[in-house]
Amino acid sequence: MDRLVRWVAPIVVFVVALLVWEWLVIRLDVPVWIVPAPSRIGATLVRDWPLLVSALGVTLRIALQALAAATILGVGIAFVFVQSRALEASLLPYVILLQVTPVVAIAPLIIIWVDDPEAALVICATIVALFPMISNTTTGLKSVDAGLLDLFRLHRASRWQVLLRLRVPSALPYFFSGLKVSAGLALIGAVVAEFVAGTGGTASGLAYQILQAGLQLNFPRMFAALLLIAVAGVSFFAATSGLAWLFLRRWHAGAGDR
Amino acid sequence: MQHNKAVHQASPSSSQTRNNPVPALQVHRVSHTYPSGTVALGTVDLDVEAGEFVSIIGPSGCGKSTLLRLIAGLEAPTTGAISRELARPSKSPIAFVFQQPTLMPWTSILANVRLPLDLEGVAARTSEPLARQALARVGIEDFAQALPRELSGGMQMRASIARALVTEPSLLLMDEPFGALDEITRARLDRELLAVWAEQKLTAVFVTHSLHEAVFLSNRVLVMTPRPGQIADTLAVNEPYPRDESFRLSTRFADLCAQLSHMLIAAGSA
Ligand SMILES: Nc1ncnc2c1ncn2[C@@H]1O[C@H](COP(=O)(O)OP(=O)(O)O)[C@@H](O)[C@H]1O
Ligand SMILES: [Mg+2]
């Protein structure tokens with residue numbers, strides 16, 4: 001019953017919202033340059049499918065590369081942080097600095113500095129997605145049960161054994177909750193960076209399509225591109241949640257709750 | 001770690017005679033102050049003979065856990081010295097059972113019990129049968145593949161004891177291991193613990209806040225003063241083993257408990 005509600009209820013809301021939207025647009029005779037009807041957006045989606053799907057591919061590629069980079073970098077930095085307090089103390093302020101600086105402010109610089117436009121966008125998106133990976137994984141690696149740590153010490157476990165057999169498993173739920181957040185941020189970063197890059201960018205992602213459609217007053221296409229970004233975001237969330245569930249269902253009680 | 005040294009320092013047991021056994025554990029004028037400045041333990045002198053079962057009782061915060069951690073080598077004493085004459089040439093001569101079961105939630109009971117051997121680098125081929133044996137000894141061999149959260153509190157505690165036994169330690173340290181369990185489960189585990197202790201010829205130091213448990217289990221009960229704890233008094237329980245429920249129901253048991261209770265009051269602990 002609960003499961004059914006969790007899956008069906010949002011779909012019902014979606015369908016009802018679409019119907020109301022469609023009805024309102026027709027009823028109030030809303031011009032297409034303000035809000036196009038869902039049916040128009042649908043038709044555009046079908047007509048412009050090859051264009052939009054290749055744009056979606058570019059945006060996804062950038063977001064996934066950024067997510068991979070943020071995961072590798074974030075986990076690496078977290079490992080360094082838990083090995084040495086001094087290193088953590090000296091590097092943490094800069095990690096925070098990177099986090100609090102809006103990516104739209106740094107993106108133009110990076111786009112100038114990095115020749116390959118796609119690489120520049122990946123770097124921007126990585127910066128956006130990095131912080132949750134670092135902070136969650138660091139917290140996880142530190143959140144070790146004190147009793148278990150004593151047990152490992154009593155049996156003279158090496159630093160390496162403590163890391164692999166105790167810290168890493170303890171950190172997994174934190175890592176995955178970081179991954180869920182970072183996946184969304186990587187996508188946001190990819191889109192925002194492409195907006196900033198504008199026509200100087202790769203000229204092929206979804207953000208670029210939105211910009212172009214805006215200039216051409218092609219509002220249904222704007223909405224269609226927007227829809228694809230939203231669908232991509234939901235898929236990222238679903239995929240990382242699924243991954244977390246797969247890894248944690250045996251490992252930790254209530255894994256999905258965190 | 002502290003106890004490495006002590007093990008090496010310990011002389012071979014050639015001088016040991018039957019009448020005058022060398023203590024398995026000597027705590028000599030040990031006190032402990034935590035870095036925060038808390039004086040957790042006053043000056044303690046304590047000898048425990050090989051094969052003895054000693055309980056420590058005292059008000060909470062008096063330093064019982066600290067004393068056990070010092071004995072285990074998990075903390076270094078601020079003053080004094082601890083030496084351990086541990087009979088078995090094991091890599092892990094000391095086992096510790098914590099107040100909580102302290103099991104790794106992400107892996108099976110079997111893997112949890114095997115852990116000390118894994119850490120010593122024992123091959124799975126050898127460690128797995130030993131772990132199963134330890135599980136059988138505490139009566140939960142059927143739960144080898146279960147996850148800790150699938151077990152009741154009492155069974156988790158059994159798993160924790162199995163893990164302590166798996167390395168065949170000579171010294172078993174227990175910090176209020178049954179404190180969180182109900183009375184009935186606790187009494188059963190007390191009996192089973194005594195059986196294992198006798199069978200394995202363990203030396204046991206057991207911290208509890210239950211007078212009845214202390215009297216039931218021990219050769220000797222040490223009464224501690226409030227923080228910073230010192231040993232105020234000792235109750236000898238000259239009741240032969242094996243002990244069973246008839247001992248618990250005897251007037252002698254009631255007398256001993258009353259005596260211990262008076263000692264606690266005199267120590268300012270009750
Ligand atoms: N790691 C620690 N750092 C600072 N103070 C501690 C620490 N562990 C225990 N204490 C303090 O030392 C005293 C003795 O603690 P403990 O040995 O746990 O007592 P008991 O086990 O008898 O209840 C208490 O006042 C406690 O707050
Ligand atoms: Mg305690």
Side-chain angles (χ1 to χ4, degrees), chain A residues 75 78-79 82 85-86 89 136-180 241-258, chain B residues 1-5 7 65-66 68-76 90-108 111-122 127 145-151 156 159-160 163-164 166-167 169 171-173 175-177:
Chain A
V75 169
F79 272 64
V82 295
R85 245 175 227 285
N136 273 301
T137 312
T138 306
T139 307
L141 290 171
K142 285 181 180 172
S143 73
V144 166
D145 183 275
L148 282 173
L149 202 55
D150 280 342
L151 185 78
F152 274 64
R153 283 180 56 208
L154 186 73
H155 293 287
R156 288 174 232 158
S158 66
R159 225 179 157 81
W160 194 238
Q161 284 175 319
V162 170
L163 188 66
L164 289 187
R165 287 176 168 272
L166 187 57
R167 291 198 188 277
V168 168
S170 306
L172 272 189
Y174 294 84
F175 166 82
F176 278 111
S177 68
L179 188 69
K180 275 189 233 178
S241 298
L243 207 61
W245 181 80
L246 267 181
F247 269 88
L248 300 181
R249 95 194 118 140
R250 212 187 112 81
W251 293 42
H252 292 268
D257 306 345
R258 220 194 292 259
Chain B
M1 223 180 272
Q2 180 67 19
H3 67 262
N4 288 342
K5 256 193 231 148
V7 172
S65 298
T66 303
L68 276 195
R69 294 174 60 79
L70 287 162
I71 294 172
L74 289 169
E75 307 278 350
S90 157
K91 270 196 187 170
S92 301
I94 301 176
F96 205 121
V97 178
F98 301 91
Q99 192 162 1
Q100 306 298 324
T102 316
L103 301 168
M104 299 178 288
W106 54 83
T107 188
S108 69
N112 267 285
V113 170
R114 235 178 54 190
L115 178 75
L117 297 172
D118 289 349
L119 292 177
E120 285 179 12
V122 177
S127 67
Q145 296 311 327
L147 290 175
R149 71 177 127 99
E150 293 163 351
L151 268 58
Q156 289 184 14
S160 182
R163 180 180 60 195
V166 80
T167 53
L171 180 59
L172 180 60
L173 307 174
D175 191 357
E176 304 188 19

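A note on names: the letters A, B, ... follow the listed sequences, proteins ahead of strands, and every chain is numbered from 1. No hydrogens, no waters, no symmetry mates; every other heavy atom, side chains included, goes into these values.
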What are the two closest heavy atoms between L119(B) and A157(A), and how far apart are they?
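Closest pair (atom of L119(B), atom of A157(A), distance): CD2-CB, 3.9 Å.
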Applying side chain to side chain donor-acceptor pair (under 3.5 Å) to T102(B) and not counting sequence neighbours gives none
Name the region of D145(A), side chain, backbone, both or neither, that has any atom closer than 4.5 Å to a heavy atom of chain B.
side chain
Engaged part of [X] at the chain A interface, taking heavy atoms whose separation is under 4.5 Å:
| X | value |
| --- | --- |
| F98(B) | side chain |
| L115(B) | side chain |
| A95(B) | backbone |

How long is the gap from NE2 on H155(A) to OG1 on T167(B), to the nearest 0.5 Å?
5.5 Å
Look up atom CD in Q161(A) and atom CD in E120(B), then write down how far apart they are to the nearest 0.5 Å.
10.0 Å
R167(A): which residues meet the salt bridge (charged side-chain N to carboxylate O under 4.0 Å, His left out) condition with it, sequence neighbours left out?
none
Name the member of Q99(B), M104(B), Q100(B) that forms the most heavy-atom pairs with chain A at distances under 4.5 Å.
M104(B)
Are side-chain heavy atoms of R69(B) and D150(A) found at a separation under 4.5 Å?
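A side-chain contact under 4.5 Å exists here.
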